[in-house]
Structure formats: C-alpha cells, structure tokens
Amino acid sequence: MKVVSIVGARPQFIKAFAVSKELRPNHNEILVHTGQHYDEELSDVFFDELGIPEPDYNLGVGSDSHGRQTAAMLEGIEEIIETEEPDVVLLYGDTNSTLAGAIAASKIDPLVAHIEAGLRSYNGEMPEETNRVLTDHASDLLFPPSESAAETLVEEGINDGVHVVGDVMYDAILWGRDVAEDESDVLERVGIGEGEFILSTVHRAGNTNDPDRLESIVDALSNAPLPVVLPVHPRTENRLRKYEMWGRATSEFEAIDPVGYLDFVRLIDASERVATDSGGVQKEAFYLDTPCVTMRDETEWIETVESGWNVLVGANQEQIEKELRVNRYLEEKPTPYGDGTAAEAIVSVLTEYIGEKHMEAVEDV
Ligand code: UD1
Ligand code: UDP
C-alpha cells in the first residue's frame, strides 16, 4: 500500500510519528511537510528526537493569511498526489495543512483518511472548526478517537467508513512518558523541581489576537499559587510584544522557547497542573494524570472535562485563578480514547480497504 501523509504543524509531527512507526515496516509512506511550521523548535526538533524520516517533500509555504497559505499548500499537494498516485492520503487533525490535503485529495483518486475525525468545538470563529468539519465531509475513511466523536459524525450524516480507533497521541505518550523521564533534563535546565510549578501554553488565535483575553490570562497566571513555566509559541511572543506584555511575561513567568516533545512530556508529567488552550496538551495532561485548567470557552475533548480532570475557564481572570487552586487529583479516571493501539488499528483498517479496492479492480478487468 502506498500512503501519502500530510503534516505541517507541531502536533501533526507527533501524531504522524505514532502512525509511521506502524505503517512503515510493511508499507510505502511518502511524507509531505507543507512547511506551515518551519522554526527549528516547532519542526526540526520533532524530526530529530522522534527519528521521523526526512520528509520526501517540503512545500515550504511558511506563514501567511489563511487563504494564501492554504492555496499554496493545495497547489503543491495536488501535484504530489498526481505524481505519486498513492492508494491513501492520510490527514491529521484540523490545521490548514489538513484542509489543503483534504481538498486536493478528495478531487483525485486516492482514499482520503482523516485521523482525529468527529471532533467539534461548535465555535464557528475557530479556523480549526472550519478545517475539521470540511475535512470530515471530504474524507472516505474517518478515524474518530472516541465514541462521542463517532456519534457526532453520524449526527452529521456521515455513516460510512467510520472506525473508532482511539487517539494516536495516547499511543505516542505511552512511549514518550518513560523515555522522557530517563532522557530529559528539562527540569534541571529550567531550574525547577517536580510538583513545584504550573505548566502553561497559550497559542489559540481566539486568545492571542484579542488583547483583553491575553491580558486577562497574563494577569491570572501572574497570581498563580506556584511559579509558571511558559514555553512560548512564536504567535504568542509576537502578540505579547505587540500588546506590550512581553516584559511582564518574561519577568513574572519562567518564559522559555518552545521545547521538544520529550522535554514537554516531562514538563507535563512533573507539573502540579497544566493551564492551557491547546487541544493536544489537554489530552496529554489527562493521560499523565496531571489536572488541567483549559483557558477556552469550549473544548473538543469533552470526556476530559466530564471526568473532572479538566475544567473550562475561558479567559476569565477570576475563574482561572480560582481553578488553579482547586484540587482535581481524583480517584477515578476513565479511558475514553482507546488503549494506546490506535495507530495499529488505523493501519489494519487501511490495509483492509486497500486490499478490497485492489480485489474490485482485478474483478473489473
Ligand atoms: C497552527 C494551527 C493550530 C495548531 C497550531 C499548533 C491553523 C489554522 N492553526 O496554529 O490549529 O493548534 O498550529 O501549534 O492551521 N510562526 C513562526 N514560526 C513558525 C510558525 C509560525 O514564527 O515556524 C508564527 C508566524 O508569525 C505565524 C504565526 O506564528 O504567522 C501563526 O502560525 P500558523 O501556522 O499560521 O498558526 P499557529 O498559531 O501556529
Ligand atoms: N509541545 C511541545 N513543545 C512545546 C509545546 C507543546 O512538544 O513547547 C507538544 C505537545 O506535547 C503536544 C503538541 O505539541 O503534543 C501540542 O501542540 P500545540 O499545543 O501547538 O497544538 P494543538 O494541539 O492545540 O493543535
């Protein structure tokens, strides 16, 4: 089976790492990096430390407006699909790279498969919501991480090709947790002890583009009960500088450059709690038994909130400060996102479909 995998942004490298490990031993994977993320610490670091093979293609699109960025990707991906003639195009998550892959592939021949299908925030202002809805509706095979995500697809009229497989990020973290504990020296580098800090990330457009929301988050974190370690996404650094809050961020927090996956997993595992607006980080905190305060008004990962390990606080200063002090270490934690074998299940479903397609082609001759 020949698979073209489309990646472009930080979380997609981690997801693709988990799937590639299962895919590559028996199949031909062509890896396409759109170049959406290009800084060393947002891209190369993941390829190096996770041993992800060099991309076969790097479109080098870089940063731009949504339309121009997606259009540049679309043009490049279409050409690659026409040249490579894969059986499957594999898409991850909800970024502009995902959407470009979906549009290009769905109008050509290959099966289009979407990993992390069926997730919804129902917030139409999030660019990711547009990307994930359109991608789901352009896909032939859909891999929701949970039963509730599969139900969402059915509610939207998508009944065929839906396979609940679990979350590939859970696969990744089961591998990463122990390796990170052995290999990462990030706590020493930051100069902070286990259980003695809050780990925070902020990068959602809805929080960073709005100076009032961003200021409210900075105010809340500066009153946190423990020191705050803040690996700063470049989008956020740009906005903090623009709104003249960069000085505060660097003096009031342990503001550091974005770190690699293993360092970040170590930081989540060692923190007393996480305060984030990231999708992936909410889940990773949940997997690593670290309570999470989510600085958004809604989440796609509803099971983490229903379990009590995660709480939604928006960008409300009072709420953030309050929830950073609530004990959320609970006795029970459900396992809604599979058992850590999502990648294996995905490869097995793909193999079955492609096998059937080839059989049909032979019968037609
Ligand atoms: C993108 C995804 C978001 C995902 C996030 C993961 C979209 C619409 N958004 O958001 O869903 O959660 O990646 O981190 O696809 N920049 C750099 N260096 C880089 C990349 C970006 O400095 O290597 C800066 C640029 O100023 C750029 C800004 O960050 O304009 C935003 O980058 P972009 O890729 O457009 O969106 P993200 O916020 O990273
Ligand atoms: N991550 C990382 N270093 C960092 C911050 C995050 O390796 O400094 C990883 C994190 O472990 C998770 C992924 O990046 O796997 C989440 O990416 P991000 O928050 O940028 O995007 P989202 O998940 O919100 O789309």
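Every number for a ligand or one of its atoms is a count from 1 in the order of the listing.
Taken to the nearest 0.5 Å, the CD atom of Glu85 stands 10.0 Å off from the CD1 atom of Ile108.
Among Met126, Glu237, Arg235, Gln36, the residue whose heavy atom sits closest to atom 34 (O) of ligand 1 is Gln36. Summarising the contacts of atom 11 (O) of ligand 2 with Glu300, Glu284, Met169, the nearest heavy atom is found in Glu284. Across Pro127, Pro234, Gly8, heavy-atom proximity to atom 24 (C) of ligand 1 is greatest for Pro234.
Nearest to atom 22 (P) of ligand 2 among the protein's heavy atoms is Ser278 OG, 3.7 Å. Looking only at heavy atoms of the protein, atom 17 (C) of ligand 1 is closest to Tyr38 OH, 3.3 Å. Here the heavy atom of the protein found nearest to atom 25 (O) of ligand 2 is Pro11 CG, 3.6 Å. At the top of the distance list for atom 6 (C) of ligand 2, counting protein heavy atoms only, stands Arg10 CZ, 3.6 Å. Considering only non-hydrogen protein atoms, atom 26 (O) of ligand 1 sits nearest to Asn238 ND2, 3.1 Å. The protein non-hydrogen atom at the shortest distance from atom 5 (C) of ligand 1 is His203 NE2, 3.7 Å. The single protein non-hydrogen atom nearest to atom 27 (C) of ligand 1 is Ser63 OG, 3.3 Å, given as residue, atom name and distance.
Across every non-hydrogen atom of Asn207 and Met295, the tightest pair is ND2-O, 2.9 Å. Nearest heavy-atom pair, Ala249 versus Leu240, reported as atom, atom and distance to 0.1 Å: CB-CD1, 4.0 Å.
Ligand 2 has no N or O atom lying under 3.5 Å from any N or O atom of Thr201, backbone or side chain. The shortest N or O to N or O distance between Asp277 and ligand 2 is not below 3.5 Å. Note: an N/O pair closer than 3.5 Å links His37 and ligand 1 by distance alone. Among the atoms of Thr95, none of the N or O lies under 3.5 angstrom from an N or O of ligand 1. Residue His66 has no nitrogen or oxygen atom sitting less than 3.5 Å from a nitrogen or oxygen atom of ligand 1, judged on distance alone. At a 3.5 angstrom cut-off on N or O pairs, Val259 counts as close to ligand 2. Checked against a 3.5 angstrom limit, the closest N/O atoms of Ser97 and ligand 1 fall outside it. For Gly279, a nitrogen or oxygen atom sits less than 3.5 Å from a nitrogen or oxygen atom of ligand 2, counting backbone and side chain alike.
Against a heavy-atom cut-off of under 4.0 Å, Pro11 is close to the following atoms of ligand 1: 6 (C). The atoms of ligand 1 that sit less than 4.0 Å from any heavy atom of Glu128 are 3 (C), 9 (N), 11 (O). Of all atoms in ligand 1, listed by their number and element, those nearer than 4.0 Å to a heavy atom of Asn96 are 7 (C), 8 (C), 15 (O).
Residue contacts with ligand 2: Arg204 is included, with a non-hydrogen atom under 4.0 Å away.
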Report the C-alpha distance between Ile158 and Val154 in whole Å, list the side-chain angles of each, state the deciding distance to 0.1 Å, and finish with yes or no for side chain to side chain contact (heavy atoms under 4.5 Å, CB included). CA-CA 5 Å; Ile158 302 175; Val154 173; over 6 Å; no
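Protein heavy atoms are absent from the space less than 4.0 angstrom from atom 32 (O) of ligand 1.
Here Tyr170 and Tyr287 bring their ring centres to under 6.0 angstrom of each other. With ring centers used as reference points, Tyr353 lies under 6.0 Å from His163. Ring-centre distance between Phe286 and Trp301: not below the 6.0 Å cut-off.
Neither the backbone nor the side chain of Glu128 has a heavy atom within less than 4.0 Å of ligand 2.
Checking Thr98 against Thr95 by side-chain atom types alone, a donor-acceptor pair falls below 3.5 Å.
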